[in-house]
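Note that this is a predicted model, so its numbers are computed, not measured.
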Amino acid sequence: MKILIVASHNSGRFAPFIVEQARALECAGCEVEFFGLKGKGVKGYLRNLSALKIIIKEFCPDVIHAHYGLSGLFANLQRKVPVVTTYHGSDINDSKIFALSRVAIRLSAWNVFVSRKTMEKASPHQNYSLVPCGIDFTDLQLTPKIEARERMHLKTYGQYVLFSGAFDNQVKNAALAKAAVIRLGDEMELIELKGYSRDEVTLLMCACDAFLLTSFSEGSPQVIKEAMACGCPIVSVDVGDVKERVEGIEGCYVASSFDAKELAELLRKAMAFKYRTNGRDRLAKDGLENREVASQLIKIYESVVQS
């Protein structure tokens, strides 16, 4: 089966989780090609339409899989190839983009939602599934904490909390994270997750005492699954599907509010947990390894082609 992946390429690369999902599809026997959208907003995306039609003619895909609502709307401007659209959260949580995503939902042959909350908010009437994005399991995720600290040039006996993104990303709510961590004392360092390679991110998750997410909104945050795969204790506000992912895992906590004092207390509990969490086992149990997710997607593709 031939799958054409349509997604934003404004940063000069495709989001890593999209690439990893595509590679899993290839390992499962699909032939995959990428089409990168460049430009901002509807007008910017429209400039890509002729190029999309050319690659459709050359590649002859069975299905187009678009990532994010605006990409799904764009992909549906052609009606020769059925479109499966995955909605990742921001395209549902942002009211302006949600209006366009609603159109994509109606036009797409199938709609995939990565969290139950976004699916319920979108309220699709038919042709939809809940399929969170998966991750790849690697040996690097099992790196011992001391070794990871040495490789990332961190103090062996330092105290580190890894933040879920860049401090200047307004959605990530860094002010709340800083307010919580400062309550833990001057020796505690909050590390900004910005400018690191994929391997370096993994090593940081192995090296840090806890992972902290304070976002105003999320869909199904990949960083939570990545931290789980590394066995890193997690503290998060209740956004997206975080509670569903980590509930019941020792060393992982979800706050009941956006309160710095509560988050600080939960961080103390998480950092007192001196072992790896069993997050990796939970991911496997929930079918969130990329090869399992690819299997679910292929069933969707087959149903779309046969309909």
- [ ] For the residue pair Asn93 and Thr118, confirm or rule out a side-chain donor-acceptor distance under 3.5 Å.
- [x] no

Task: Asp62 and Tyr301: side chain donor to acceptor below 3.5 Å - done: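 No, Tyr301 and Asp62 have no side-chain donor paired with an acceptor closer than 3.5 Å.
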
Between [X] and [Y] (side chain of the first, backbone of the second, donor and acceptor by atom type, cut-off under 3.5 Å), is there such a pair?
| X | Y | answer |
| --- | --- | --- |
| Thr277 | Gly279 | yes |
| Glu289 | Arg291 | no |
| Arg276 | Leu142 | yes |
| Glu262 | Ala255 | no |
| Asn48 | Lys38 | yes |
| Gln141 | Thr138 | yes |
| Tyr68 | Ser90 | no |
| Glu33 | Lys2 | no |
| Arg149 | Leu154 | no |
| Asp209 | Val161 | no |

- [ ] Show your reasoning for whether salt bridge (Lys or Arg N to Asp or Glu O under 4.0 Å) applies to Lys172 and Glu218.
- [x] CA-CA 9 Å; Lys172 299 299 180 183; Glu218 292 280 356; 2.8 Å; yes

[atom2] on [Y] to [atom1] on [X], rounded to 0.5 Å:
| X | Y | atom1 | atom2 | result |
| --- | --- | --- | --- | --- |
| Tyr157 | Ile146 | OH | CD1 | 6.0 Å |
| Phe167 | Asn173 | CZ | CG | 12.0 Å |
| Phe273 | Cys232 | CZ | SG | 11.0 Å |
| Asn76 | Thr85 | CG | OG1 | 5.5 Å |
| Cys252 | Arg282 | SG | CZ | 9.0 Å |
| Phe163 | Glu192 | CZ | CD | 8.5 Å |

Side-chain heavy-atom pair [X], [Y] within 4.5 angstrom cut-off:
| X | Y | result |
| --- | --- | --- |
| Leu77 | Leu46 | yes |
| Arg280 | Phe137 | yes |
| Pro132 | Val293 | no |
| Cys206 | Met152 | no |
| Lys117 | Asp238 | yes |
| Val242 | Ser220 | no |
| Arg198 | Pro16 | yes |
| Ile298 | Glu302 | yes |

Exceeds 12 heavy-atom contacts within 6.0 angstrom, atom [atom1] of [X]:
| X | atom1 | result |
| --- | --- | --- |
| Ile182 | CD1 | no |
| Lys121 | NZ | yes |
| Arg47 | CZ | no |
| Glu250 | CD | no |

TODO: May I have the step-by-step check of side chain to side chain contact (heavy atoms under 4.5 Å, CB included) for Ile135 and Gln222, ending in yes or no?
DONE: CA-CA 8 Å; Ile135 67 165; Gln222 288 297 105; 3.6 Å; yes

Salt bridge [X]-[Y], side-chain N to carboxylate O under 4.0 Å:
| X | Y | result |
| --- | --- | --- |
| Glu20 | Arg23 | no |
| Glu265 | Lys269 | no |
| Glu187 | Lys155 | no |

Are [Y] and [X] linked, directly or through intermediate hydrophobic residues, by side-chain heavy-atom contacts shorter than 4.5 Å (ILVMFWY only)?
| X | Y | result |
| --- | --- | --- |
| Leu130 | Val112 | no |
| Tyr196 | Leu190 | yes |
| Leu49 | Leu4 | yes |
| Leu162 | Leu184 | yes |

State, to 0.1 Å, how close [X] and [Y] come at their nearest heavy-atom pair, and which atoms those are.
| X | Y | value |
| --- | --- | --- |
| Val239 | Phe258 | CG1-CZ, 4.1 Å |
| Pro82 | Val304 | CB-CG1, 3.3 Å |
| Val235 | Leu266 | CG2-O, 3.6 Å |
| Val237 | Ser257 | CG1-O, 4.0 Å |

Open item on the list: Parallel, tilted or perpendicular: which one describes the rings of Tyr45 and Phe74, with boundaries at 30° and 60°?
Closed with: perpendicular

TODO: State yes or no: are the ring centers of His67 and Phe14 separated by less than 6.0 Å?
DONE: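 No, they do not, as the ring centres are separated by 6.0 Å or more.
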
TODO: Start with the C-alpha gap between Ser101 and Asp91, add the side-chain angles, then the distance that decides, and say whether side chain to side chain donor-acceptor pair (under 3.5 Å) holds.
DONE: CA-CA 6 Å; Ser101 294; Asp91 42 14; 4.8 Å; no

- [ ] Check the pair Phe34 / His9 against ring-ring contact (aromatic ring centres under 6.0 Å, His included), numbers first and verdict last.
- [x] CA-CA 10 Å; Phe34 285 87; His9 201 258; 8.9 Å; no

Task: Among Val103, Val83, Ile64, Thr86, side-chain contact (heavy atoms from CB on, under 4.5 Å) partner for Ser108 - done: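 Among Val103, Val83, Ile64, Thr86, the one meeting side-chain contact (heavy atoms from CB on, under 4.5 Å) with Ser108 is Val83.
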
